[in-house]
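Read through the structure below, which is laid out as structure tokens, and then see the notes.
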Number of protein chains: 2
Amino acid sequence: MSEDIPFPVGELPHPARADLVLAQVLFALSDPARLAIVAQLVAGPVDMARCQLQDPSIAKSTKSHLMRVLREAGVIRNDPKGRGRTLSLRRDDLDSRFPGLLDAILSSAPPNDSTDLT
Amino acid sequence: MSEDIPFPVGELPHPARADLVLAQVLFALSDPARLAIVAQLVAGPVDMARCQLQDPSIAKSTKSHLMRVLREAGVIRNDPKGRGRTLSLRRDDLDSRFPGLLDAILSSAPPNDSTDLT
DNA sequence: GAAATTGTTCGAAAATAATCGAACAATAAA
DNA sequence: TTTATTGTTCGATTATTTTCGAACAATTTC
């Protein structure tokens, strides 16, 4: 029997621009940890390994889950890169579907501090 | 024993403008039913009894809870009015704390249809 | 005052979401 | 090709949220 074929884990599914749903985007951004991740991605794509969470004691499976929620809402992309992954903000898609939303959120988001990569 | 004194149920607590938290506001708006309520309030204050939900089969206690989430996030006010209540959008406070956010959300929110009060 | 109206609170049940560790997959490095 | 690195998925557990009905409170109407 063709067994399920979950996904080759490599290319993960991303919703098309047209399928983004406002409420889902708002939900994805309604968590401080996820909001902070998005704030980090504003400057440009970031390797998952480099993407820090405020709470370093968080399990990697949980971190992966946070990224999944953002990805499934269409907020970020998560692409294979070497043996790791690259995360990037879907700014164009978000701006196109929800003009001004991301800017408004980011500009009133608590300063992400650790934006200084000493 | 002075018993708890929950609240005289009349004047409900509202967070001060300065205490509004972005993530909480986003969460409050991340539910379609709550988003639709907010869309109704854009035109001005509405009596609770007049404020319809898409799903009319919803219990009144649930409706009250939806309002509570919006109120506690600082999105709406809920004031006594006669024997009922008046709901209103805290537009000034929201615009002040999160400039552009409400506009962005409302302008990309699904058309509220039932805005026609035949 | 008694009855009707409106809406909140409480407590319990059901549905969602967050979190973790273990197992697995994919690539890179040795 | 073996080992190390990185990150996803699975299954279970816990925490949070939603939903409901019943009880209560406030106000108006009779």
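Naming: A, B, ... by sequence-line order, numbering from 1 per chain.
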*Please, what dot-bracket string fits DNA chain D when only Watson-Crick and G-U pairs with both distances under 3.5 Å count, crossing ones use [ ] and pairs to another strand use |?*
||||||||||||||||||||||||||||||
_Contact check, side chains of A:R97 and B:S108, non-hydrogen atoms, under 4.5 Å_ =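 When only atoms from C-beta onward are counted, B:S108 and A:R97 do not touch, as no gap falls below 4.5 Å.
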_Side chains of B:F98 and B:L20, heavy atoms from C-beta outward: is any pair under 4.5 Å?_
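A side-chain contact exists here, since the closest heavy-atom pair is under 4.5 Å.
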*Which residue lies more 5' along DNA chain D, comparing A:G84 with A:R71 via nearest heavy atoms*: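 Its nearest nucleotide being more 5', the pick is A:G84.
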*Any side-chain donor-acceptor pair under 3.5 Å between B:R85 and B:N78?*
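Yes, side-chain donor-acceptor contact under 3.5 Å.
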*Does one side chain, of A:S96 or A:R17, offer a donor that lies under 3.5 Å from an acceptor on the other?*
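Judged by distance alone, the side chains do pair up.
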Gap between atoms [atom1] and [atom2], on [X] and [N] respectively (whole Å):
X	N	atom1	atom2	value
A:D79	D:dG7	CG	P	13 Å
B:D47	C:dT6	CG	C1'	11 Å
B:K63	D:dT18	NZ	C1'	17 Å
A:E11	D:dT9	CD	P	12 Å
A:K81	D:dT8	NZ	P	14 Å
B:R85	C:dT6	CZ	P	14 Å
A:R68	D:dT9	CZ	C1'	7 Å
B:L70	C:dG7	CG	P	16 Å

*With respect to B:I37, which candidate in B:L70, B:V46, B:L29 satisfies the side-chain contact (heavy atoms from CB on, under 4.5 Å) definition?*
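When B:L70, B:V46, B:L29 are each tested with B:I37, the side-chain contact (heavy atoms from CB on, under 4.5 Å) holds only for B:L70.
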*For B:R91, enumerate each residue passing the side chain to side chain donor-acceptor pair (under 3.5 Å) test, keeping only those at least two apart in sequence or located in another chain.*
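Expected list: B:D95, B:D103.
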*Between A:N78 and D:dG7, is there a side-chain N or O to OP1/OP2 distance below 4.0 Å?*
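It does not, given that no N or O in the side chain of A:N78 lies less than 4.0 Å from OP1 or OP2 of D:dG7.
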*Of the nucleotides D:dT9, C:dT8, C:dA29, which has the atom closest to the A:R83 side chain?*
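The nucleotide sitting nearest to the side chain is C:dA29.
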_Shortest non-hydrogen contact between A:E72 and A:Q24, atoms and distance_ =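 Smallest heavy-atom distance, with atoms named: O-OE1, 4.3 Å.
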*Please report the shortest heavy-atom distance between B:H14 and B:I76, naming the atom on each side.*
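Looking at all heavy atoms of both residues, the closest pair is CD2-O, 3.7 Å.
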*Any salt bridge between A:R90 and A:D93, counting N to O under 4.0 Å?*
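A salt bridge links A:R90 with A:D93.
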*How does protein contact run along nucleotides 16-24 of chain C, one letter per nucleotide 5' to 3', with B for base contact, S for sugar-phosphate only, - for none, heavy atoms under 4.0 Å?*
-SSBBBB--
